[in-house]
Amino acid sequence: MTIVKNNELTPEQVRDSKVYRQWGLTESEYNLIVTELNRLPNFTETGIFSGMWSEHVSYKKSKPILRKFWSTNARVLQGPGEGAGILDIGDGQAVVFKAESHNHPSFVEPYEGAATGVGGILRDIFSMGAQPIAVLDSLRFGELDDAHTRHIVDGVIAGIAGYGNAIGIPTVGGEIGFDPVYSGNPLVNVMAVGLMDQAAMQVGQAKGIGNSIIYVGAKTGRDGINGASFASAEFSTEHASDRSAVQVGDPFLEKLVMDATLKAVNAHSDIIVGIQDMGAAGLLSSSSEMAAKAGMGITLDLNNVPQRETNMTPYELMLSESQERMLFVVKCGEEQAIIDLFQEADLDAVIIGEVTDNGRYILEFDHQVVADVPIDFLTHAPKQTLPMAEPKRLLSMSEVQYQPDVSNLKQTILSLLAQPTIASKAKLFRHFDSMVRSDTVIKPGGDASLVRVRGTKKALAMTTDVNARYLYLNPYVGAKMAVAEAARNIVATGALPIGITDGLNFGSPDNPEVYYELDQAVAGINAVAKQLDTPIISGNVSLYNETDGQAIYPTPMIGMVGLLENVRNATTIGFKNVGDKIYIIGETLDSFNGSEIQKMQTGSIDGQLFGFDDAAEMSSQRLVRTAISQQLLASAHDLSEGGLIVALLESSFLGQLSFNIKTALADKYLFSETQSRFIVSVPESQVVTFEQLAGQKATLLGQVTNTDEMMLTTATQQIILSRQETQKVYQESISWKLKA
Amino acid sequence: MYLAKIYVTYKPSILDPQGEVIKSALKRMDYIGVEQVSQGKYFEVKLTAKSIDAATAEVESFTDALLINQNTETYHFDLSLVADEVNA
Amino acid sequence: MKAAVISFPGSNCDFDMLYALQDFGVDAQIVSAKQTALTDFDAIFLPGGFSYGDYLRTGAIARFSPIMSAVTQAANAGKLIVGICNGFQILTEAGLLPGQLLVNATPGFICDEVALSIANHETAYTNAYEMSESIVVPIAHGEGNYFADDDTLARLEANNQIVFRYVNNPNGSVHDIAGIMNERGNIFGMMPHPERAIDEVTGNIDGQNFFKSILSSILTNV
């Protein structure tokens with residue numbers, strides 16, 4: 001069984017040249033393979049082990065930590081381990097969601113990297129049998145004064161738009177942040193949400209001896225060969241010219257694949273055994289994982305794989321990451337119905353193999369066996385327990401909170417509004433079709449987005465969030481805050497948070513300090529998720545986010561979904577009526593280390609992170625949800641980066657109304673980022689009921705007005721801001737910087 | 001077999017916003033000598049035909065019918081004889 | 001009234017249009033672009049999307065779909081033909097409406113809600129709107145920049161074929177044109193999406209009168 005194709009190294013040459021190291025296999029992993037097989041692996045086998053044992057596919061380094069995620073409650077129909085997680089939302093329906101990162105590809109080729117990120121996560125959703133209904137993006141870039149960053153921003157935004165708009169799934173929200181740590185390593189995390197009838201649920205499993213493996217969708221080319229290993233390698237600027245790992249997306253084709261797949265699921269659920277999309281490590285990973293999950297074996301005849309290029313080798317066919325491809329397992333004898341359905345949509349659908357009971361992964365090519373390895377061994381990379389160490393920076397941090405300079409309050413407010421992280425991203429989000437499908441109730445620009453479930457009273461709220469600066473100062477508490485803020489976003493719409501997907505973006509896990517950050521972040525996410533009853537049902541890990549040894553901030557993106565039982569109760573952040581009373585919910589403290597104002601005024605973030613009070617968080621959220629369900633609130637907005645002043649201004653801008661505020665707080669507290677706070681506006685008629693409900697939790701600040709003047713009286717002074725002028729700074733700052 | 005290389009551009013009277021954006025980017029990148037940029041499309045079409053005249057007529061016909069929109073676009077093309085390839 | 005919503009490969013507003021028509025009580029159904037007959041229908045809607053990926057030019061490949069000869073036949077028979085967004089682009093490529101939709105003056109896809117003025121109230125698409133009404137309708141396109149030569153524009157203006165204009169032109173369209181009809185008035189195309197503006201839950205009902213107009217004119221004519 002030592003077949004050697006043209007130009008391929010012999011098993012002995014593989015061993016002697018140690019080419020496997022270039023593909024990411026360590027020497028000890030290679031030796032383990034030799035021992036298990038009891039012979040030298042050939043070229044193809046070495047290649048498939050390198051793909052399957054890459055961190056991107058196997059999570060061999062992160063799994064010991066990911067196992068700790070809490071992922072079960074009564075709603076969970078499908079937890080981690082499949083294409084996406086699934087939650088029960090009643091009426092026999094379910095919501096499906098997951099996030100995925102495309103960080104490295106987006107740095108190398110921003111347009112295609114971001115576009116194929118959207119395509120990949122949508123396949124994860126519809127391969128579960130769900131109709132995708134929304135996409136959200138969590139993006140991090142370097143500062144906009146850098147020309148290359150501007151190029152990346154333009155490309156990523158255009159790529160998300162190019163794919164999402166064309167396939168017709170609305171991009172309803174997300175967030176965009178800027179910090180120099182991302183300049184050589186931008187983050188492109190995409191979350192997709194789908195809706196399905198529970199009866200249509202599909203899983204990626206290859207059960208039943210003799211059942212057929214059917215390849216569907218785009219033909220296989222040489223694009224993205226070994227992309228999985230590429231995404232698992234640290235980035236060095238030397239390799240920036242290496243473009244072989246870039247795949248090109250075709251949203252038109254994916255639209256056809258999506259529609260046909262959903263049609264197949266609805267019409268032929270009795271004969272479809274499993275569905276899996278081909279993502280990282282392509283055909284290899286999808287086919288071997290489907291068989292492993294079912295405890296079966298699989299045999300593929302690679303000559304049947306539809307090919308776009310000529311003379312492709314088994315290694316290339318297995319490792320290609322050509323986009324828009326899916327694998328179906330279909331009952332033996334029933335294949336033609338599926339093949340016909342896809343051919344009707346002008347798509348390739350070809351039987352390429354079958355399920356076996358021998359537990360082996362066997363590849364045939366030109367009538368010869370080119371790989372024959374135990375499937376369990378192939379799909380279970382040797383776990384690595386890595387050392388952790390508390391980062392040195394955390395050991396010597398100042399306990400004192402930064403004190404902002406507010407000597408010119410008005411100017412400080414305007415400067416803060418112009419910060420790219422604070423300023424409106426509407427000019428960027430405008431490129432995304434947020435309304436296609438005609439179900440978007442709350443569009444980008446609110447706290448969370450809201451998408452109705454047609455034919456019911458229900459709506460789904462969704463958001464992505466993380467403030468990585470907080471995690472940089474304290475990975476455990478910062479992660480708790482990320483979950484809490486995501487939940488506040490959901491709650492501000494009136495919805496009940498029901499579940500989490502994550503996108504864990506970290507540096508190299510081989511660095512004990514980074515591994516510690518990962519461990520602490522997961523612990524922090526768990527801690528708040530359990531209190532909220534929002535299990536973590538899916539997620540993605542992106543490690544090695546470093547450029548020339550410099551890691552990004554620990555950035556665990558939290559994607560959260562909420563359920564609003566009656567869409568008529570949907571609440572938005574904008575002020576609604578003149579005369580409505582404005583309240584702040586929650587206590588405002590000295591919370592400045594890691595804040596936007598510290599970053600703006602000192603150029604960096606420093607000192608021990610301020611505290612997080614779990615009980616205060618839960619009670620603030622409970623209050624807002626109760627008040628919305630009793631229809632007491634005209635608006636609700638969570639407080640986050642930039643603190644009270646930014647939240648007030650955003651509610652004004654969105655509502656096109658001003659405010660007259662009087663607070664006993666000193667000036668600096670306008671910028672405090674204490675967690676667990678909201679501002680809400682309450683119609684006069686509901687004030688008594690609201691105050692009774694809120695008790696000590698809410699403090700009256702003032703009322704909504706219809707002048708251009710926004711009046712603000714603090715403990716020490718009164719300032720007046722023109723809404724029109726202030727809003728211009730907020731609206732235009734990003735485009736001014738992009739055009740620089 | 002003939003190889004047609006077809007170059008499609010906007011008619012001169014039509015604003016080409018993509019060309020304008022590229023031009024201003026080039027100016028920003030200090031290519032100050034750049035006077036005009038127009039963005040077009042380029043097609044390579046292989047076809048069999050009895051003669052070069054027949055091939056010319058064919059190319060003109062399908063370019064008018066599909067490759068361009070005659071409201072706004074115009075084109076020119078080169079035609080050459082190429083060896084038949086054996087497609088694997 | 002019986003309506004067909006044509007689904008081209010890559011159409012993505014076909015179901016939005018179908019649901020909108022059904023909300024107004026229209027007996028509407030999706031018809032594949034592979035079909036060749038449309039004899040049963042009073043009105044035919046070409047929805048938004050990216051037919052054939054918008055590859056080559058928007059609408060350029062879709063116009064050669066099998067269904068398009070049936071669309072042309074129906075148009076000649078005086079049936080109502082309505083193209084929204086990509087549907088408008090297909091109608092111009094097919095020569096059923098004059099002009100062409102080019103890349104936006106500032107290149108890039110725009111999704112927004114924009115104000116429209118109603119340039120002609122006496123059409124099958126606008127008769128239900130109040131005279132003084134200015135409406136806000138979503139747009140979502142990268143190629144919505146309407147172009148026609150001067151002669152064509154003069155004809156459009158003279159014959160009152162311009163149905164909607166942008167109040168603040170978002171894409172560079174000549175004469176601020178957002179929607180036009182043919183001389184006979186039975187073929188209509190517009191870039192904005194009235195089918196996204198019919199439900200209070202999603203925050204905009206300015207498109208309702210568009211559908212009411214069509215309904216009343218079909219009921220009058222049938």
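Residue numbering restarts at 1 for every chain, and letters A, B, ... go by the order of the sequence lines. Note that the coordinates shown come from a computational prediction; the quantities given were computed from them, not determined experimentally.
Residues C:D16 and A:R437 are not paired through a salt bridge, judged by the lack of any N-O separation under 4.0 Å between the basic side chain and the carboxylate. We find that A:E565 and A:K457 are not joined by a salt bridge, their nearest charged nitrogen and carboxylate oxygen being 4.0 Å or further apart. A salt bridge between C:E113 and A:K443 is present, with a side-chain N of the basic residue lying under 4.0 Å from a carboxylate O of the acidic one. The existence of a salt bridge linking C:E143 and C:R57 is excluded, since no basic side-chain nitrogen approaches an acidic carboxylate oxygen closer than 4.0 Å. Between A:R452 and A:D439 a salt bridge is recorded (basic side-chain N to carboxylate O distance below 4.0 Å). Ion pairing between A:K255 and A:D250 fails under the 4.0 Å rule for side-chain N and carboxylate O. For A:R430 and C:D112, the salt-bridge test passes: some basic side-chain N is under 4.0 Å from an acidic carboxylate O.
When heavy atoms are compared at a cutoff of 4.5 Å, A:I442 does not approach chain C at all. Proximity to chain C involves both the backbone and the side chain of A:S434, based on heavy atoms less than 4.5 angstrom apart. Of the two parts of A:V567, only the side chain, counted from C-beta on, holds a non-hydrogen atom closer than 4.5 Å to a non-hydrogen atom of chain C. For C:Y55, the part lying near chain A is the side chain, with the backbone staying farther off; criterion is any non-hydrogen pair under 4.5 Å. Contacts between A:E344 and chain C at a heavy-atom distance below 4.5 Å involve backbone atoms as well as side-chain atoms. For a residue to count as touching a neighbouring chain, one of its non-hydrogen atoms must lie under 4.5 Å from one of that chain's; by this rule A:A158 does not touch chain C. Contacts between C:D199 and chain A at a heavy-atom distance below 4.5 Å involve the side chain alone, from C-beta outward. Using a 4.5 Å cut-off between heavy atoms, C:S11 contacts chain A through its backbone alone, with no side-chain atom that close.
When A:L253, A:D259, A:N165, A:L450 are compared by the number of non-hydrogen pairs under 4.5 Å with chain C, A:N165 comes out ahead. Among the candidates C:G49, C:S32, C:G53, C:S51, the residue making the largest number of heavy-atom pairs closer than 4.5 Å to chain A is C:G53. The greatest number of non-hydrogen atom pairs below 4.5 Å with chain C, out of A:D433, A:V441, A:D346, is found for A:D433. In terms of non-hydrogen atom pairs under 4.5 Å with chain A, the most contact-rich of C:I110, C:N86, C:I139 is C:I110.
The aromatic rings of C:F50 and C:F109 lie parallel to each other, their planes meeting at an angle below 30°, with 60° marking the opposite boundary.
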